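Any value given below was found using the heavy atoms of this structure, including those in side chains, with hydrogens, waters and symmetry copies removed. Just so we're clear, the structure is a prediction, and the values are computed from it rather than from any experiment. Note on naming: letters A, B, ... go to the chains in the order of the sequence lines (proteins, then strands), and numbering restarts at 1 for each one.
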There are 2 protein chains.
Amino acid sequence: MNQSEICPRFEKAITILSQRWTGLIIYQLLSGPQRNCTIKESIGISGRLLSERLKDLEEEGIVKRHVYPETPVRIEYALTDKGYALEPLMKNIEDWSQNWLEKE
Amino acid sequence: MNQSEICPRFEKAITILSQRWTGLIIYQLLSGPQRNCTIKESIGISGRLLSERLKDLEEEGIVKRHVYPETPVRIEYALTDKGYALEPLMKNIEDWSQNWLEKE
DNA sequence: TATATTTAGTTACATAAAGTAACTTAGTTA
DNA sequence: TAACTAAGTTACTTTATGTAACTAAATATA
């Protein structure tokens with residue numbers, strides 16, 4: 001086990017991004033702040049995992065949780081600057097998929 | 001379950017790329033064709049999963065397996081054009097990680 | 001000839017992560 | 001009071017990953 005010459009920051013980025021659902025959650029939030037239930041419906045993730053991922057992403061500083069004490073209370077998740085900085089990356093994946101993946 | 005308005009090609013790309021290890025394997029192969037054992041040592045993946053991932057990536061047309069009938073036989077894995085087309089994305093991840101992740 | 005080596009890959013089993021569904025909490029409406 | 005909704009959590013099943021031992025083929029060594 002020679003163990004990677006690979007840059008630890010790159011490795012960490014890959015670890016975050018290659019966790020199931022995080023990519024889709026971030027992609028979804030690129031279109032603006034959204035509630036738990038909206039994200040859930042749009043990407044088809046379970047409530048359990050969505051809560052887990054949002055908590056992780058919040059800890060990484062990629063997502064921010066906002067509580068609006070209305071009635072009923074509204075909780076929204078939004079990308080931070082760090083999160084929005086992933087937009088070009090998402091655009092890249094989009095482009096690659098258009099160019100190299102089959103229509104169906 | 002409203003189930004995604006998300007483009008199926010984008011979703012497929014995310015599925016491929018967010019599988020554990022695939023990002024690191026592709027990144028590693030960007031520096032040129034490599035043997036199974038080289039990849040294994042450089043990213044610290046187990047033999048079982050590396051074989052599985054390389055087989056999947058070959059099926060996706062991202063990686064090509066080359067057998068050189070020397071003595072002993074040499075087997076190398078290389079990115080296809082489709083695979084090399086992921087280079088900008090990897091560069092993007094690298095940039096993001098440099099800009100937004102802590103040094104340690 | 002028998003033994004050990006190397007590389008690629010597989011098999012078998014233990015552990016960790018993800019999927020599913022029911023439940024809790026808090027506040028709202030019928 | 002009863003039913004509803006949104007955000008989370010808990011308990012349990014299924015799938016993916018990690019680990020280590022094993023096979024196969026060809027080579028080198030004793």
Side-chain angles (χ1 to χ4, degrees), chain A residues 1-4 6 11-12 14-29 32-60 62-79, chain B residues 1-4 6 11-12 14-29 32-60 62-79:
Chain A
M1 290 261 174
N2 160 20
Q3 279 300 60
S4 93
I6 292 175
E11 218 168 342
K12 166 131 201 205
I14 285 275
T15 301
I16 294 169
L17 295 169
S18 74
Q19 198 158 27
R20 188 155 199 193
W21 299 111
T22 47
L24 285 176
I25 293 170
I26 291 166
Y27 179 77
Q28 192 60 27
L29 289 178
Q34 282 167 59
R35 310 179 67 165
N36 184 312
C37 59
T38 310
I39 304 172
K40 200 161 117 187
E41 277 158 18
S42 57
I43 67 176
I45 189 180
S46 74
R48 190 180 83 61
L49 281 187
L50 180 54
S51 297
E52 198 174 304
R53 286 298 180 275
L54 287 171
K55 209 184 287 175
D56 293 347
L57 287 170
E58 207 189 343
E59 273 165 22
E60 292 294 346
I62 292 170
V63 157
K64 183 97 185 67
R65 183 177 187 268
H66 296 277
V67 180
Y68 299 95
E70 306 170 353
T71 54
V73 68
R74 183 164 51 94
I75 293 170
E76 278 189 354
Y77 292 90
L79 293 176
Chain B
M1 288 260 178
N2 161 18
Q3 277 302 59
S4 90
I6 292 176
E11 217 167 343
K12 164 129 200 204
I14 285 275
T15 301
I16 294 170
L17 294 169
S18 75
Q19 198 157 28
R20 187 153 199 196
W21 299 111
T22 48
L24 285 177
I25 292 171
I26 291 165
Y27 178 78
Q28 192 61 26
L29 289 178
Q34 281 167 60
R35 311 179 67 166
N36 184 311
C37 59
T38 310
I39 303 172
K40 201 161 118 186
E41 278 159 19
S42 58
I43 67 176
I45 188 180
S46 75
R48 189 177 86 59
L49 281 187
L50 180 54
S51 297
E52 198 174 304
R53 286 298 180 275
L54 286 171
K55 209 184 285 175
D56 293 347
L57 288 171
E58 207 189 342
E59 272 165 23
E60 292 294 345
I62 293 170
V63 156
K64 182 97 186 65
R65 182 179 187 266
H66 296 278
V67 180
Y68 299 96
E70 306 171 354
T71 53
V73 68
R74 183 163 52 95
I75 294 170
E76 280 191 352
Y77 292 89
L79 293 176

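In this model, the phosphate group of C:dA17 is not approached by any side-chain N or O of A:Trp21 to a distance below 4.0 Å at OP1 or OP2.
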Which parts of nucleotides 5-12 of chain D does protein reach within less than 4.0 Å, heavy atoms only, written one letter per nucleotide 5' to 3' as B for base, S for sugar-phosphate only and - for none?
-> -SSSBBB-
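Atom CD of A:Gln19 and atom P of D:dA16 are 16 Å apart (whole Å). The distance from atom NE2 of B:His66 to atom P of C:dA8 is 14 Å, rounded to the nearest whole Å. Counting to the nearest Å, the P atom of C:dT20 and the CZ atom of A:Arg20 are 9 Å from each other. For the pair A:Asp56 CG and C:dA16 P, the computed distance is 17 Å after rounding to whole Å. Regarding B:Leu24, its CG atom lies at a distance of 13 Å from the P atom of D:dT17, rounded to whole Å. Following rounding to the nearest Å, B:Leu50 (CG) and D:dG18 (C1') show an atom-to-atom distance of 14 Å.
When atom types are taken as modelled, the side chain of B:Gln28 and the backbone of B:Ser42 share no donor-acceptor pair closer than 3.5 angstrom.
Annotation: salt bridge (charged side-chain N to carboxylate O under 4.0 Å, His left out) contacts of A:Arg20 (sequence neighbours excluded): none. Scored by the salt bridge (charged side-chain N to carboxylate O under 4.0 Å, His left out) test, A:Arg74 finds A:Glu70, A:Glu76 as partners (sequence neighbours excluded).
Contact record, A:Ser51 with A:Asn36: OG-ND2, 4.2 Å, taken as the closest heavy-atom pair.
For the pair B:Glu60 and B:Lys12, the salt-bridge criterion is met [side-chain N within less than 4.0 Å of a carboxylate O]. Between B:Glu59 and B:Lys55, none of the side-chain N atoms (NZ, or NE/NH1/NH2) sits under 4.0 Å from a carboxylate O, so this pair counts as no salt bridge.
The base-pairing partner of D:dA3, taking Watson-Crick or G-U wobble contacts with both distances under 3.5 Å, is C:dT28.
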